[in-house]
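I have placed the structure first, in the form of structure tokens, so that the comments after it can refer back to it.
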Amino acid sequence: MNRDDLNRRSLLLSAAAALVASPLLSACDKAGPPVPKLSFNAVDITGAEYARKLSLKDVDGRQRDLAEFKGKVVFVFFGFTQCPDVCPTTMAELAEVRRRLGADGDRVQGVFISIDPARDTPQVLKAYLQAMDPSFVGLTGSNDQIEAAAREFKVFYQKVPTSEGNYTMDHTAGAYVFDPEGHVRLFVRYGMGVDKVTADLRQLLGKTA
């Protein structure tokens, strides 16, 4: 066999090897199936540059912050115990969400931050939340501390005098939800309903329906 024949044979063998290897290389190069993007009923605020920290005292005087709830889905709501509708409805619905999640409900932490520390004493706040769900954590502090927390969460609230010489509180009616890694993920509008909130929290817990 002369040199030209050897060269041709070498080229043919190389081409054949390339054809055999090509499907293998393609298979190796292919990424796994794409991770499906979660689709929520609430407003997806993943990556928000706010609602990143929280440190207030609970009803027993302990300083609490978001980091201690890592591993759970955390539902944070700013309200007041004398609220006639939005606050009790929101917290009662969260209690129902926890019930519907069964054992996974233990991985959902409700946090209620009082915007009315003058009337929401630790004793009042504790009794209010115990009636909703004993697992809920109530947080309070000085006016300055609560204002700072509200700014961090972009929550609006203000005192509104009533005709009886008393007052009520206007406030943001939504809640913030954090994933088990401690990242803020959702803004839940008031009135979204138990079914939709349950579906969203189930996703954050890594569960399917």
Is there a donor-acceptor pair closer than 3.5 Å between any side-chain N or O of N41 and the backbone N or O of K196?
-> yes
d(C87 SG, I115 CD1) to nearest 0.5 Å is 6.5 Å
Is any side-chain heavy atom of V76 less than 4.5 Å from a side-chain heavy atom of F153?
-> yes
For residues 128-139, the salt bridge (Lys or Arg N to Asp or Glu O under 4.0 Å) pairs (sequence neighbours left out) are R98-D133
Measure the spacing between OG1 of T140 and CD of Q145 and express it to the nearest 0.5 Å.
-> 8.5 Å
Table please: side-chain donor-acceptor pairs of residues 90-97 below 3.5 Å, with sequence neighbours left out.
unit_1, atom_1, unit_2, atom_2, d
T90, OG1, V86, O, 2.8
E96, OE1, R99, NE, 2.9
E96, OE2, R99, NE, 3.4
E96, OE2, R99, NH2, 2.6
E96, OE2, R100, NE, 3.1

Of the non-hydrogen atoms in A118 and T121, which two are nearest, and what is the gap between them?
-> O-CG2, 4.5 Å
Residues in ring pair (Phe, Tyr, Trp, His ring centres under 6.0 Å) contact with F187, at least two apart in sequence or another chain = Y176
Minimal heavy-atom distance between L56 and A149, with the atoms involved, is CD1-CB, 4.2 Å
Are more than 12 heavy atoms from other residues, nucleotides or ligands located less than 6.0 Å from atom NZ of K126?
-> no
Side chain to side chain, T172 and F78, heavy atoms closer than 4.5 Å = no
Kindly indicate whether a cation-pi arrangement holds for R119 with Y167, taking the cut-offs as under 6.0 Å to the six-membered ring centre and within 45° of the axis.
-> yes
How are the rings of H171 and F77 set to each other: parallel, tilted or perpendicular (split at 30° and 60°)?
-> perpendicular
Q63 side chain reached by E68 side chain, heavy atoms, under 4.5 Å | no
Can you tell if the side chain of T168 reaches within under 4.5 Å of the side chain of T162, non-hydrogen atoms only?
-> yes
Taking atom types as modelled and ignoring hydrogens, do the side chains of S114 and D120 form a donor-acceptor contact shorter than 3.5 angstrom?
-> yes
For this output row, return yes or no: ring centroids of F112 and Y128 closer than 6.0 angstrom.
-> yes
Separation between CE (M192) and OG1 (T198), nearest 0.5 Å, reads 8.5 Å
Min side-chain heavy-atom separation P117-N143 under 4.5 Å = yes
